[in-house]
Q: 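Sharing a structure with you now.
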Protein chains: 2
Amino acid sequence: MIDSSIKEYVLKVYPFSEGELLTVAPYFHKILLNRGTDLLREGALCNSIYLVESGSLRSFYNKEDGSDVNLHFTFEGEYTTSFMAYLNREPSQLTIQAMEDTVVWQLNLRNYPRPKDSNNPFSTYIRRLAIRLLISTEEHYNMLMMNNPVERYQYILSNKPFLLQKVSLGHLASYLGITRETLSRIRNNKY
Amino acid sequence: MIDSSIKEYVLKVYPFSEGELLTVAPYFHKILLNRGTDLLREGALCNSIYLVESGSLRSFYNKEDGSDVNLHFTFEGEYTTSFMAYLNREPSQLTIQAMEDTVVWQLNLRNYPRPKDSNNPFSTYIRRLAIRLLISTEEHYNMLMMNNPVERYQYILSNKPFLLQKVSLGHLASYLGITRETLSRIRNNKY
DNA sequence: GACCTTTTTTGATAAATATCACAGAGTAGC
DNA sequence: GCTACTCTGTGATATTTATCAAAAAAGGTC
């Protein structure tokens, strides 16, 4: 069953009819996560896309020195997965973790037989999701490549100001490819 | 007509039958490029994927200070495009340019009616290509994020040594997110 | 082979950012 | 409201890498 709580987020990606929604419902499973719980762990296989109903997730790589690098944050109404791990069917390099108590819907893509005609609504929905996720990662990386730390912070201010409210400075720093200290100084106009 | 020169590269991605190859042939157009010619220019729309028969291409972003940043190199038997520009149907941020005299095959994806059933061989071929391209960009960016300049050079030595033969130090440097001078010093063990 | 152009190397210096150490704020639990 | 814990801010310093300038090497052309 697709809750009214997430219906809006599903329809925003693909305008399913009421009848189609019923067909698609079995693909969705609700998961409750406590703060700090891993939804996908580095090294695990990834067969799902996740939709956040409430709360928030972060996706990060572990570096050899023990620190982690945030690649992506996912909030209410947004989707995430490790697309590389999913497509290559190889262990995920990414960990996806709840930043607070979070409700997610899992779209388990391999438990169900793939429809023959991939122009059906569900397949198109999944393809659109995949495209959104891949493009947003690529845009983020492009932004990092094209800008210095101060410009990256200004980019967040202009384009994703909600991140400043929702994410700790430490998490935001690695997302921007800099240290906590540097971001703190940028934020307080020390540069 | 699909030349025997590229047939191998097409079949490597999808095992078309001889009959299917005939169906698919009209999607391919041969283009000859002189060294330095732009195949796709920043600001242009992008409706194609390109397959290199011989020669080589580089894909780069122009930075505001006039320098450019190489994102990708494409050699014989490989494919490239600006996937973001193609999917979003927006002007390309990327320029794709011939590094030497180059023969490419253009797969113009919008000049032909989309088959209804996207599980047909050609659609699957295109989807597989898209996935390859997106993943290779993501892997490259991940590599840059996870490694310092010396490690990035060692990564190339271990994983893409042919780049050292085929690409100038200057082009390789921006691909690795560093300056020519730094790459030269790394290569000569000054770090 | 001489000449011109481009690429690579090297040294000196400057700039940016990280690292380290610690103080101060904020927050959660009791 | 106190305590412990985590997060943020600041200064001092170190490190990394860029920048600038110029020489050396390599490649192309006639």
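As the structure is a computational prediction, the values presented were derived from the model and not from experiment. Within every chain, numbering begins at 1; the chains are lettered A, B, ... in the order of the sequence lines, protein sequences first and strands thereafter.
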Q: Taking only the side-chain heavy atoms of B:N148 (C-beta and beyond), determine which of D:dT17, D:dC7, C:dT7 contains the nearest atom.
A: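 The answer is D:dT17.
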Q: Rounded to whole Å, how long is the line connecting atom CG of B:L164 with atom P of C:dT7?
A: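 These atoms are roughly 17 Å apart.
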Q: Let me know the distance between CG of A:L183 and P of D:dG9, rounded to the nearest Å.
A: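 It works out to 8 Å between those atoms.
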Q: Could you state the atom-to-atom distance from CG of A:L169 to P of D:dT10 in whole Å?
A: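 Distance check: A:L169 CG to D:dT10 P gives 11 Å.
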Q: What is the distance, to the nearest angstrom, from the CE atom on B:M99 to the C1' atom on D:dG27?
A: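 It is 17 Å, rounded to the nearest whole Å.
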Q: For D:dG9 and A:R187 - does any side-chain N or O of the residue sit under 4.0 Å from the phosphate oxygens OP1/OP2?
A: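 For A:R187, the contact criterion (side-chain N or O under 4.0 Å from OP1 or OP2 of D:dG9) is met.
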Q: Rounded at 0.5 Å granularity, tell me how far CZ in A:F162 sits from CZ in A:F75.
A: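 Rounded to the nearest 0.5 Å, the CZ-CZ separation comes out at 6.5 Å.
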Q: If you check the A:E181 side chain, which of D:dC20, C:dA21, C:dT8 turns out closest?
A: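 Looking only at side-chain atoms, A:E181 lies closest to C:dA21.
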Q: Closest to the B:P149 side chain: D:dG9, D:dT17, C:dA18?
A: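 Looking only at heavy atoms from C-beta outward on B:P149, the closest nucleotide is D:dT17.
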Q: Regarding D:dT19, can its base be found pairing with the side chain of B:R185 as donor and acceptor, where the two atoms are less than 3.5 Å apart?
A: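 Checked by distance alone, the answer is yes.
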Q: As an exercise, state the distance from OG1 of B:T37 to CD of B:E100, rounded to the nearest 0.5 Å.
A: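 CD of B:E100 is found 12.0 Å from OG1 of B:T37.
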Q: Specify the separation, in whole Å, of atom OH of A:Y153 and atom C1' of C:dT17.
A: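 Atom-to-atom, A:Y153 to C:dT17, this comes out as 18 Å.
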Q: Check every atom of D:dT8, C:dT8, C:dT19 against the side chain of A:T179 and return the nucleotide holding the closest atom.
A: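 So the side chain of A:T179 is nearest to C:dT19.
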Q: Rounding to a whole Å, what distance do you find between A:N188:CG and D:dG11:P?
A: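 That distance rounds to 11 Å.
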Q: So, are A:E18 and A:K7 salt-bridged, with charged N and O less than 4.0 Å apart?
A: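 Yes.
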Q: Heavy atoms only, 4.0 Å cut-off, all strands: where does B:S168 land among base, sugar-phosphate and nothing?
A: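 Contact class for B:S168: sugar-phosphate only.
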Q: Please check: side-chain N/O of B:S92 versus main-chain N/O of B:L94, any donor-acceptor pairing under 3.5 Å?
A: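 A pair under 3.5 Å: yes.
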Q: In whole Å, I'd like the distance from the CZ atom of B:R180 to the P atom of D:dA22.
A: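 So the CZ-P distance, B:R180 to D:dA22, works out to 16 Å.
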Q: From CG of A:D101 over to P of C:dA28, roughly how many Å is that when rounded to an integer?
A: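 Between P of C:dA28 and CG of A:D101: 12 Å.
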Q: Looking only at side chains, do B:Y61 and A:N142 share a donor and an acceptor under 3.5 Å apart?
A: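 On atom types as modelled, these side chains qualify, holding a pair under 3.5 Å.
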